[in-house]
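Here the structure is laid out as structure tokens; the discussion comes afterwards.
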Amino acid sequence: MRLLQTFPLLSALAVGLIKAAYAKTVVHDGNFIPDAILRVTSGNRNQSCVPEKEILLVNGTSPGPELRLTEGKTYWIRVYNDMVDQNFTMHWHGLTMAVAPFSDGTPGASQWPIPPLHYFDYQLSIPVGVAGTYFYHSHVGLQAISATGPMIVVEADHPPYHYDGERIIFLQDVFMENDTYLAEGLEATPIRYSGDQTMVLVNGKGAGTSDDGNFTCNDTLSVINVECGKTYRLRFVGGTAISFNSFAIEGHDSLEVIEADGSYTDKHNTSFLQIGTGQRFSVLLHTLAEPEKRQYWIQLETRERPGVTRSYAVLNYDAPSDSPAPQFYPPTTPPLTLPPTDDNFLEYQLRPHVSATYSSRDMPTAAEVTRRVNITVHLSEAKLHFVYLEDGLPWYEDVPEEPYLVSLYKDDGIEFPSMARAIKNQGLDPVSRAFPAEIGEVLEIVLQNTGSDGGEMETHPWHAHGAHYWDLGSGLGVYDAAANEAKWASSPGMPVKRDTTMLYRNVIYASNNTLAGWRAWRLRITEPGVWMVHCHILLHMVFGMQTVFVMGNSTEVLGQVPRPEVEGYLTYGGSVNGNASHYPEVVDFFDYWPENQ
Ligand SMILES: *[C@@H]1O[C@H](CO)[C@@H](O)[C@H](O)[C@H]1NC(C)=O
Ligand SMILES: *[C@@H]1O[C@H](CO)[C@@H](O)[C@H](O)[C@H]1NC(C)=O
Ligand SMILES: *[C@@H]1O[C@H](CO)[C@@H](O)[C@H](O)[C@H]1NC(C)=O
Ligand SMILES: *[C@@H]1O[C@H](CO)[C@@H](O)[C@H](O)[C@H]1NC(C)=O
Ligand SMILES: *[C@@H]1O[C@H](CO)[C@@H](O)[C@H](O)[C@H]1NC(C)=O
Ligand SMILES: *[C@@H]1O[C@H](CO)[C@@H](O)[C@H](O)[C@H]1NC(C)=O
Ligand SMILES: *[C@@H]1O[C@H](CO)[C@@H](O)[C@H](O)[C@H]1NC(C)=O
Ligand SMILES: *[C@@H]1O[C@H](CO)[C@@H](O)[C@H](O)[C@H]1NC(C)=O
Ligand SMILES: *[C@@H]1O[C@H](CO)[C@@H](O)[C@H](O)[C@H]1NC(C)=O
Ligand SMILES: *[C@@H]1O[C@H](CO)[C@@H](O)[C@H](O)[C@H]1NC(C)=O
Ligand SMILES: *[C@@H]1O[C@H](CO)[C@@H](O)[C@H](O)[C@H]1NC(C)=O
Ligand SMILES: [Cu+2]
């Protein structure tokens with residue numbers, strides 16, 4: 001394996017071969033034993049002072065259970081949609097599905113959604129070199145508000161930095177209304193907007209104030225237990241639906257960033273973090289040798305939206321293991337003053353951590369770039385119906401007649417994009433509403449923010465499936481490739497491979513269609529498949545802020561997964577090599593997880 005680690009492509013091929021051999025002998029029917037099972041239900045819960053309402057649950061909780069996987073291995077994860085009235089999919093956020101393109105969990109793009117009372121077997125073949133912090137979540141509608149959970153990929157050998165322990169800090173949003181009602185309102189003409197998040201949760205709990213203090217919640221907080229004089233790896237997951245959070249820990253102002261979106265970085269000190277929807281960071285926290293008190297506040301504040309939500313958790317030193325877990329409530333006045341939005345947060349500062357095992361500097365140079373595409377985003381507000389246009393068109397998960405990947409396999413041409421049409425429209429084929437890309441191309445993908453019809457600007461965390469891109473930074477106005485090269489040359493940082501980075505609003509207002517700010521990525525196209533690129537704010541996705549890249553032609557895509565294995569994927573209700581309905585067991589999660597009530 002050692003040799004393979006230097007050649008990610010080779011190791012991906014090896015994983016593919018192992019999987020192909022394996023699939024011949026395994027039938028994924030009711031007798032199949034997967035490596036992990038996730039069961040999705042809906043249920044009523046009280047969260048953070050919000051009156052009891054229906055949310056989605058994974059194995060009875062939100063967030064769902066942690067999945068811990070090892071790089072270089074293949075896992076089959078069976079996801080049961082135990083709901084009776086909703087489709088579902090599961091996406092493995094940040095992991096490449098290069099060798100299992102039907103397992104990316106994107107309805108309309110990589111798979112038919114899982115019908116009610118059906119299961120789907122997802123194949124996760126994890127290349128060596130991607131150990132880091134990830135999460136799983138639904139890709140249907142607004143389900144990911146609550147149908148989500150942490151996913152950690154651990155090293156086959158050992159991480160490049162030493163730490164004594166690790167803690168997950170999983171952020172989520174809570175809304176006043178259930179997700180179907182919220183989504184219906186967003187799709188309505190005129191729009192019915194039920195408000196931003198009521199509270200931000202840390203590991204399922206949160207309390208504090210929102211709407212600039214107009215709403216207060218005095219509920220119990222999450223507790224992060226630590227010991228004195230140790231080093232912890234804090235793994236932050238931006239599992240929020242909309243909120244962009246600024247974050248700091250009282251009395252601990254040297255957080256050393258070591259990971260961004262599954263890529264190790266050289267150590268970089270920061271006193272606070274900004275974390276957008278879909279982003280992950282790991283920091284090393286050096287706990288105090290002689291703390292002055294037992295509890296230090298962890299304070300979060302939302303940014304970039306009209307009302308501020310302030311939420312808390314507690315860093316708790318040396319909790320005695322023999323006494324019951326203490327309960328903590330939010331402070332009456334904020335102990336910390338967090339900075340306003342920093343549009344330059346970590347920009348042009350981070351450097352990939354290069355070691356024998358991790359992240360080589362294989363970034364294509366500017367001279368190798370073969371094509372540039374724009375994703376120019378614009379919010380149309382005509383008739384008070386909100387639509388996010390990308391190069392003139394929105395994308396919704398129910399737009400394609402059949403999922404693009406299914407269409408590629410059937411070779412029926414229904415959703416196959418035309419390069420000729422795309423070239424005339426900034427890279428997007430307006431008929432199939434997809435961006436075609438050829439294997440071997442080196443693309444620069446330029447996200448361009450514009451003033452909306454009404455002039456408002458929004459900040460968008462843009463996420464790419466399929467492969468991580470080299471993040472080229474961001475700036476005001478229009479992207480200028482030469483000026484940006486020069487900026488990198490004089491910056492301490494080097495581009496890092498990321499999967500979710502911020503397209504800032506930079507300004508609060510810009511007149512209609514003004515090109516106000518940009519973000520750019522560079523990517524060598526190597527993985528045939530259908531990969532979504534979208535804003536990770538779930539509410540914006542419902543407004544159409546999603547795009548799809550179709551990489552490779554049908555021959556190349558068909559080369560990825562052997563034909564007999566795909567039959568099951570081609571119809572709604574299928575899974576790998578079989579149909580996939582199940583008779584639901586009577587699953588009473590209250591019996592399994594009483595402590596969560
Ligand atoms: C989820 O719950 C099922 C039982 O319904 C159990 O078999 C499975 O191990 C659980 N998954 C995880 C990751 O804990
Ligand atoms: C929600 O809170 C109310 C009031 O405390 C309580 O009656 C109800 O049982 C709780 N619901 C759940 C699902 O725990
Ligand atoms: C579920 O997905 C199928 C296939 O895309 C679609 O026809 C159906 O309307 C969806 N059902 C619901 C409840 O959204
Ligand atoms: C969702 O919320 C709406 C509005 O509050 C309510 O009418 C509907 O019954 C709720 N749906 C479920 C499944 O609880
Ligand atoms: C909070 O209340 C004040 C006074 O009523 C109001 O002006 C302000 O808009 C409210 N803020 C939010 C975010 O609702
Ligand atoms: C919050 O609730 C706790 C427990 O009931 C109580 O001790 C505390 O005083 C409350 N805080 C505020 C600000 O009301
Ligand atoms: C970060 O700050 C701490 C404390 O000031 C220092 O010990 C450490 O060397 C710094 N790390 C880096 C990478 O600069
Ligand atoms: C991308 O947008 C910029 C700014 O409007 C424009 O100059 C450039 O030609 C566009 N590129 C493509 C491929 O359309
Ligand atoms: C904004 O510009 C677009 C494209 O030029 C146009 O279609 C739209 O009507 C304009 N909106 C307003 C409010 O003027
Ligand atoms: C796909 O591209 C490859 C490489 O250029 C070529 O050999 C193959 O014929 C193409 N297949 C189709 C269906 O166009
Ligand atoms: C698929 O479903 C059909 C209809 O329910 C059933 O007759 C058939 O046995 C199933 N096939 C497999 C492989 O489970
Ligand atoms: Cu957005």
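Remember, predicted model here, so these are calculated numbers, not experimental data. Counting starts at 1 for both ligands and their atoms, in listed order. The analysis underlying the following values was restricted to heavy atoms, covering all of them including side chains, and did not include hydrogens, waters or symmetry mates.
Panel note: side chain Asn553, backbone Thr555; a donor-acceptor pair is recorded below 3.5 Å. The backbone N or O of Leu56 sits less than 3.5 Å from a side-chain atom of Ser146, completing a donor-acceptor pair.
The distance between the ring centers of His28 and Trp76 falls below 6.0 angstrom. Less than 6.0 angstrom separates the ring centroid of Phe120 from the ring centroid of Tyr569. Between Phe386 and Tyr388, the ring center distance fails the sub-6.0 Å criterion.
Within ligand 10, the atoms closer than 4.0 Å to a non-hydrogen atom of Ser554 are 13 (C), numbered from 1 in the order shown. Residue-ligand proximity, Asn59 to ligand 1, at heavy-atom distances under 4.0 Å covers atoms 1 (C), 2 (O), 3 (C), 8 (C), 10 (C), 11 (N), 12 (C), 14 (O). Ligand 1 places these atoms under 4.0 Å from at least one heavy atom of Arg39: 5 (O).
Between Thr555, Leu558, Ile439, it is Thr555 that holds the heavy atom closest to atom 12 (C) of ligand 10.
For a distance threshold of 2.8 Å, the protein N, O or S atoms nearer than that to the Cu ion (ligand 12), listed by chain and number, are His460 ND1, Cys535 SG, His540 ND1.
Using a 4.0 Å threshold on non-hydrogen atoms, atom 2 (O) of ligand 10 counts as touching the protein.
No side-chain N or O of Thr277 forms a donor-acceptor pair with one of His536 less than 3.5 Å apart.
Taking the side chain as every heavy atom from C-beta outward, Arg68 and Glu66 approach each other to under 4.5 Å.
None of Val533, Ile375, Asp499 except one satisfies the side chain to side chain contact (heavy atoms under 4.5 Å, CB included) rule with Trp521; the exception is Val533. No option in Thr302, Ile145, Val174, Thr240 other than Thr302 meets the side chain to side chain contact (heavy atoms under 4.5 Å, CB included) test with Gln197.
The shortest N/O to N/O separation between Asn553 and ligand 10 falls below 3.5 Å. Checked by distance only, ligand 1 and Leu67 stay at 3.5 Å or farther apart across all their nitrogen or oxygen atoms.
Rounding to the nearest 0.5 Å gives a distance of 14.0 Å between CD of Glu402 and OH of Tyr409.
Nearest protein heavy-atom contact of atom 4 (C) of ligand 10 is Glu556 OE2, 3.7 Å.
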